[in-house]
Peer 1: 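Attaching a single structure in structure tokens format; questions to follow.
Sequential numbering from 1 along the given sequence is applied to the chain's residues. All values derive from a computational prediction rather than experimental measurement.
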Amino acid sequence: MLGGQCVRIPGCTSVNNNGYCQGCTSGYFLKDGTCVACDPSCATCTDSTFCTTCTTGYQNSTNGNYGNCISCPLGCSTCSTSGITTSCSVCSTGYRLSGSSCVACAANCLQCTASACTDCATGFGLVGGSCYSCTTALYGGTAGCQVCSVSGGTIACSKCADSYYLTISNNCATCTSRFPNSILCTNSVALQCQNDYAVNIASRYYLISNQCIANTKKCKVMKNTVGDCSSCYF
């Protein structure tokens, strides 16, 4: 508490009765009663110029002073340097280890070997060692599919984008094809109609009894599927 107010000190783990910080979390160091962020390369540090441990993707410098950490090569999350040679031992997501270097996997591939992808990013399915969009019709994908799995070389959708719903055959179909004039739905009910907040009141559609009904009578509240009003704006 400072000046009668409770103040949060970033990185601080404990304070004394005077409101000064006495301990800091990793990534901060204590200075003049407050916690100061370490250099971004440091996981822990003693001050702004000296890392005691490095964050992922960095290594201790080799200049003899061991100041702030230096970055590993692109795609490398754990590395070390001997002389002028930097060797990687662990690669970042989307890269594979080749000798002592990290090589990028193919696009949209999270993990790979030298010859094939083994895990794909969300929105892609693994077919024959390659990543294909969940919407790729050649392998069973459909428009609107956001998340999918692959079985026997065939894409099966598990999550559809807004304005689509998931069918019993694990494909995505448009909401409006099942519930005319809807923009959000499940496979059994409409959830939202198009233009429901349009400035032009007569162009709105209201959800009544699982149907999207045109607001041709300019209702504020619609009472039935014929489009009659229970209240008006005017």
Side-chain angles (χ1 to χ4, degrees), residues 8 56 75 77 91-96 104-113 115-234:
R8 181 178 180 273
T56 298
S77 61
C91 296
S92 307
T93 298
Y95 290 80
R96 64 176 177 84
C105 299
N108 306 307
C109 179
L110 301 180
Q111 296 181 16
C112 63
T113 65
S115 58
C117 183
T118 57
D119 186 27
C120 298
T122 299
F124 294 83
L126 184 63
V127 181
S130 298
C131 295
Y132 293 91
S133 170
C134 292
T135 62
T136 304
L138 178 64
Y139 295 107
T142 56
C145 183
Q146 288 185 321
V147 181
C148 61
S149 59
V150 176
S151 178
T154 300
I155 292 173
C157 194
S158 56
K159 181 181 178 182
C160 300
D162 288 348
S163 78
Y164 292 83
Y165 70 94
L166 190 63
T167 69
I168 58 174
S169 57
N170 295 319
N171 292 318
C172 294
T174 60
C175 286
T176 191
S177 67
R178 187 170 181 84
F179 306 102
N181 304 305
S182 68
I183 58 172
L184 193 64
C185 69
T186 67
N187 63 351
S188 58
V189 295
L191 300 174
Q192 185 180 352
C193 300
Q194 67 181 23
N195 301 333
D196 52 349
Y197 288 102
V199 174
N200 183 356
I201 298 172
S203 69
R204 297 177 182 177
Y205 287 82
Y206 288 170
L207 186 59
I208 305 293
S209 298
N210 206 32
Q211 299 179 57
C212 290
I213 307 301
N215 189 29
T216 56
K217 298 180 181 179
K218 301 182 180 179
C219 305
K220 181 178 182 180
V221 178
M222 191 180 295
K223 69 178 180 180
N224 56 36
T225 57
V226 179
D228 295 331
C229 304
S230 58
S231 66
C232 300
Y233 283 100
F234 311 108

Peer 1: Testing the basics here: between A190 and N210, what is the closest heavy-atom pair and its distance to 0.1 Å?
Peer 2: N-OD1, 2.7 Å

Peer 1: If we ignore hydrogens and angles and just use 3.5 Å, is the side chain of T56 paired with the main-chain N or O of S77 as donor and acceptor?
Peer 2: no

Peer 1: Any chance you could measure S149, atom OG, to L126, atom CG, to the nearest 0.5 Å?
Peer 2: 11.5 Å

Peer 1: Scan residues 169-189 for pairs that pass side-chain hydrogen bond (donor to acceptor under 3.5 Å, both in side chains), counting only residues two or more places apart or in two chains.
Peer 2: T167-S169, S169-N171, T174-S177, N181-Q194, T186-S188

Peer 1: With sequence neighbours left out, what residues match Q211 under side-chain hydrogen bond (donor to acceptor under 3.5 Å, both in side chains)?
Peer 2: none

Peer 1: Can you list every ring-ring contact (aromatic ring centres under 6.0 Å, His included) pair that touches residues 138-161, not counting sequence neighbours?
Peer 2: Y132-Y139

Peer 1: Please answer whether the main-chain N or O of K220 pairs with a side-chain N or O of S231 as donor and acceptor at a distance below 3.5 Å.
Peer 2: no

Peer 1: Roughly how far apart are C109 SG and D119 CG, rounded to 0.5 Å?
Peer 2: 7.0 Å

Peer 1: Calculate, to the nearest 0.5 Å, the distance between atoms CD1 and CG belonging to I183 and D196 respectively.
Peer 2: 5.5 Å

Peer 1: When you measure from the SG of C120 to the SG of C131, is the result less than 2.5 Å?
Peer 2: yes

Peer 1: So, using side chain to side chain contact (heavy atoms under 4.5 Å, CB included) as the criterion, who are the partners of V199 when residues are at least two apart?
Peer 2: none

Peer 1: Is it true that C105 and C112 have SG atoms closer together than 2.5 Å?
Peer 2: yes

Peer 1: Measure the distance from the SG of C157 to the SG of C145 and say whether it is below 2.5 Å.
Peer 2: yes

Peer 1: Could you tell me which residues satisfy side chain to side chain contact (heavy atoms under 4.5 Å, CB included) with A198, sequence neighbours excluded, listed by chain and number?
Peer 2: N195, S203, R204

Peer 1: Enumerate the residue pairs fulfilling ring-ring contact (aromatic ring centres under 6.0 Å, His included) with a member in residues 165-208, sequence neighbours excluded, ordered by first and then second residue.
Peer 2: none

Peer 1: Residues two or more places apart in sequence or in another chain: which of them pass side chain to side chain contact (heavy atoms under 4.5 Å, CB included) with A161?
Peer 2: Q146, Y164

Peer 1: Which heavy atom of I155 sits nearest a heavy atom of C134, and at what distance?
Peer 2: CG2-O, 3.9 Å

Peer 1: Only pairs under 3.5 Å count here: list side-chain donor-acceptor contacts from residues 212-219, not counting sequence neighbours, and write none if there are none.
Peer 2:
| unit_1 | atom_1 | unit_2 | atom_2 | d |
| --- | --- | --- | --- | --- |
| N215 | OD1 | C219 | N | 2.8 |
| N215 | ND2 | I201 | O | 3.2 |
| N215 | ND2 | C219 | O | 3.1 |
| K217 | NZ | D228 | OD1 | 2.4 |

Peer 1: To the nearest 0.5 angstrom, please state how far the CE atom of M222 sits from the SG atom of C229.
Peer 2: 6.5 Å

Peer 1: Taking side-chain hydrogen bond (donor to acceptor under 3.5 Å, both in side chains) as the definition, give me every residue that meets it alongside S133, ordered by chain and number, with sequence neighbours left out.
Peer 2: T135

Peer 1: Under the side chain to side chain contact (heavy atoms under 4.5 Å, CB included) rule, collect the residues that match up with T118, sequence neighbours excluded.
Peer 2: Q111, T113

Peer 1: To the nearest 0.5 Å, tell me how far C117 SG sits from R96 CZ.
Peer 2: 11.5 Å

Peer 1: Does anything in residues 147-163 pair up under salt bridge (charged side-chain N to carboxylate O under 4.0 Å, His left out), and if so which pairs, sequence neighbours excluded?
Peer 2: none

Peer 1: Which atom pair, heavy atoms only, marks the closest approach of T225 to S209?
Peer 2: CG2-CB, 4.0 Å

Peer 1: Of all the heavy-atom pairs spanning S158 and L166, show the shortest one and how long it is.
Peer 2: O-CD2, 3.7 Å

